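Lettering follows sequence order; numbering is per chain, from 1. All values reported here derive from a predicted model rather than from experimental measurement.
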2 protein chains.
Amino acid sequence: MGFRMANIQEVAKKAGVSVATVSRVLNHHPSVTPKTRVKVETAIRELNYEPSMLGRNLRNSESRLLLVLIPSISNPFYTEIINGIQTTAIKHRYNILLCETNSDPRRENIFFNMVKNKLADGIISMDPTINRQKLTELAEHHSVILCSEYMEDGSIPYVTIDNERAAYQAVKHLIILGKKKIALINSDERFLYARQRRKGYEKALREFEIPISEELIYNTHELNFHDGVQAMRMLLRMEEKPSAVFAVSDTLAIGALKEIKASGLKAPDDIAVVGFDNIHFSNMSNPTLTTIAQPMYKMGATAATMLINQIQSKQVESILLDHELIIRESTMG
Amino acid sequence: MGFRMANIQEVAKKAGVSVATVSRVLNHHPSVTPKTRVKVETAIRELNYEPSMLGRNLRNSESRLLLVLIPSISNPFYTEIINGIQTTAIKHRYNILLCETNSDPRRENIFFNMVKNKLADGIISMDPTINRQKLTELAEHHSVILCSEYMEDGSIPYVTIDNERAAYQAVKHLIILGKKKIALINSDERFLYARQRRKGYEKALREFEIPISEELIYNTHELNFHDGVQAMRMLLRMEEKPSAVFAVSDTLAIGALKEIKASGLKAPDDIAVVGFDNIHFSNMSNPTLTTIAQPMYKMGATAATMLINQIQSKQVESILLDHELIIRESTMG
DNA sequence: ATGAAAGCGCTAACAC
DNA sequence: GTGTTAGCGCTTTCAT
């Protein structure tokens, strides 16, 4: 592949003009004679020339590329968000690059550097495992927006939902159905959203004077189906089994449903289940899953708009979007 | 965000050396006195300096970035493949950027240009909707590998499986179970894999002297759960319903299972179902899904190795990997 | 062992 | 309307 693409010089030479004129044609400057323009365009076509983003970016300090950080693409939660980001970005002539960190700090660093080095114009982070310190430092001089998972100190603008209230509503729904022994399948409580959802869970229980039992709270390592299976398996080992489960993600909830069925029990009669996110698949499980719908597309679109505004030095404010409880078979047979 | 990161000049000045020496320290040249090295490293730290990828790439014509083209991240099929690509790339000090084309030709172009302009060193395409003509042109002077979906003319190296044989085995499995009226839920037959899998389906039927009926073949637009639901709904409208279904993706198959249940029928007794891919979720559906397992991780790892070899001007050969029929409840109750 | 300087491809300020 | 040229940040000869 030892091949060099034609550069602006060669185009200029072939067209019999200066590099400046070629550049002007490239950038649609009004001050070029139609005749000259045609000459240059012909040369460009003949040489199969494409302007180098590298040279251009180095000169302009602009790449029109946005980075989107996610911990893992395997979580369907991100799908619709990314859709929203992408559509908005394209509308503003930006492109996005998906960066999967796999929670590896070395990978984070690469992506942060891409922004520092002007290889990308800004970054939307949805990664809860991210190094907060480094991200804050980056945000001091570069454009950064948080989406879904955020930092409470408010140093970086974010778009998210009211996790505590959402969890509270989910659990209240279970209580009103007559469930008393409600388990929580939570993720790692290092993450803000996990702490907030636990808070909502506890608030609902407290409001109805149901005792909070550590035994009923299981923390998973990740958000895979298998973690949900595992969690449910542990909860079913209790002498007095829970009559309901609130899982902080649909993937966990679907795993829990699977294990409930495997153990010969039935949802929702024996154990009702509520998930969180409203991923596409939550409507395909059996029974279909009651869940909290996050406005994922809108969240992504909002994050992209905020980032682009920030890149253009406009003022941006953090935003809290609405969620919604979607009631399906896993709680209402 | 009008902030300029320190550059190599400022580091040189602060350390009291030339930019050349700073560059040498950066690149671990052996010919630098320990004393000088320390001076430079101190300056780097104090100025919080990070070398600019832009300047470096412009000079070196190398970015150590690989592009991975996928039509949509919503298809879980890609998850494990990307994992394999990523792990391999990192091992070789490359990073990957995920590019979701959403089958939009304008987006393709951007990514192709990133390669042409040395913003990325090569590209792995898994997008069946890609513009073959343009990709072939790109491949003439740049590193390109196809993964999963490929081109039969062999102009671009690929890694894939034997789709025809896999489909043949899946359908034969159904026939041996005693099923006669076997439907095919296929995707768009513009795609090579779709044509190949249909061939395998027809081959199995022909071998057992089962007539091929166009009525039993349904082509979906995409690979979502919903397309599977839709397809099954149409197939169930026939006066004499099929007794088995082979769907060319697990997502379609899971949608079909859903609709079978919704219509009051039971899998596998009334209708047996076989999927394709062995995505994580295929083991979570109810009933669990019989499917063709593709070696997704290995496929990704192989594609990455091939691409890196190609970038380093080594000879690369196309590879066909093995698949496997995984028998679960949807055919064996 | 280190420095000076050319050059990667491009844009924009300035000159004509 | 078009050309000349400096400079974006870096690496790498070629001197010393």
Side-chain angles (χ1 to χ4, degrees), chain A residues 2-41 43-44 47-65 113-121, chain B residues 2-41 43-44 47-65 113-121:
Chain A
F3 171 78
R4 215 182 44 70
M5 162 148 281
N7 64 18
I8 199 170
Q9 312 257 20
E10 302 171 45
V11 175
K13 195 168 159 195
K14 177 142 208 155
V17 299
S18 75
V19 292
T21 301
V22 178
S23 177
R24 288 189 188 104
V25 171
L26 254 23
N27 295 289
H28 304 106
H29 260 259
S31 72
V32 183
T33 316
K35 211 173 93 184
T36 318
R37 177 187 313 286
V38 170
K39 273 198 303 189
V40 173
E41 281 166 349
I44 288 176
L47 290 173
N48 238 307
Y49 167 77
E50 304 260 7
S52 158
M53 291 174 150
L54 236 36
R56 183 174 279 177
N57 294 353
L58 183 58
R59 177 63 216 221
N60 285 352
S61 295
E62 175 193 71
S63 65
R64 300 203 84 82
L65 247 33
N113 280 344
M114 286 183 66
V115 176
K116 285 189 191 159
N117 302 334
K118 299 289 187 180
L119 246 127
D121 293 346
Chain B
F3 170 78
R4 217 181 44 69
M5 163 147 282
N7 63 18
I8 199 170
Q9 313 256 20
E10 302 170 45
V11 175
K13 194 169 160 195
K14 178 142 206 154
V17 298
S18 75
V19 291
T21 302
V22 177
S23 176
R24 289 188 187 104
V25 171
L26 253 24
N27 295 288
H28 305 105
H29 260 259
S31 72
V32 182
T33 316
K35 213 174 94 185
T36 318
R37 176 187 313 286
V38 170
K39 272 198 303 188
V40 173
E41 281 166 350
I44 288 176
L47 290 173
N48 238 308
Y49 167 77
E50 305 259 7
S52 159
M53 292 175 147
L54 235 36
R56 181 173 282 177
N57 294 353
L58 183 57
R59 177 63 215 225
N60 287 352
S61 294
E62 175 192 72
S63 64
R64 301 203 81 83
L65 248 32
N113 280 343
M114 285 183 66
V115 176
K116 286 189 191 158
N117 303 334
K118 299 288 187 184
L119 242 114
D121 293 347

Any pair with a residue in residues 21-40 of chain A that passes salt bridge (Lys or Arg N to Asp or Glu O under 4.0 Å), sequence neighbours left out, goes on the list, sorted by first then second residue, please.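 Sorted result for residues 21-40 of chain A: empty, none.
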Please list all pairs meeting salt bridge (Lys or Arg N to Asp or Glu O under 4.0 Å) that have one or both residues in residues 51-64 of chain B, counting only residues at least two apart or in different chains.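 Applying salt bridge (Lys or Arg N to Asp or Glu O under 4.0 Å) to every pair that reaches into residues 51-64 of chain B, excluding sequence neighbours, yields B:E62-B:R64.
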Figure out the [atom1]/[atom2] separation between [X] and [N], and round it to whole Å.
X     : N      : atom1 : atom2 : answer
A:Q9  : C:dG9  : CD    : P     : 8 Å
B:L58 : D:dC8  : CG    : C1'   : 9 Å
A:I8  : D:dG7  : CD1   : P     : 19 Å
A:L54 : C:dT11 : CG    : C1'   : 15 Å
A:H28 : C:dT11 : NE2   : P     : 12 Å

With B:D121, which residues qualify under side-chain hydrogen bond (donor to acceptor under 3.5 Å, both in side chains), at least two apart?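 For B:D121, the residues satisfying side-chain hydrogen bond (donor to acceptor under 3.5 Å, both in side chains) (neighbours in sequence not counted) are B:S63.
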Could you list the residues that satisfy side-chain contact (heavy atoms from CB on, under 4.5 Å) with A:L54, not counting sequence neighbours?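 side-chain contact (heavy atoms from CB on, under 4.5 Å) list for A:L54, sorted by chain: A:S52, B:L54, B:N57, B:L58, B:K118, B:L119.
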Report which part of the nucleic acid A:V22 touches: base, sugar-phosphate, or nothing (heavy-atom distance under 4.0 Å, all strands).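 Contact class for A:V22: none.
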Quantify the bending of the helix from C:dA1-D:dT16 to C:dC16-D:dG1 as the angle between its end axes, each fitted on five pairs, to 10°.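 Between the first-five-pair axis and the last-five-pair axis there is 40°.
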5' precedence on DNA chain D between B:R56 and A:S31 (nearest-nucleotide basis):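 Looking at DNA chain D, the more 5' nearest nucleotide goes with A:S31.
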Pairs under 3.5 angstrom, nitrogen or oxygen only, protein versus nucleotides 12-16 of chain C, please.
residue, atom, partner, partner atom, Å
C:dA12, O4', A:R59, NH2, 3.2

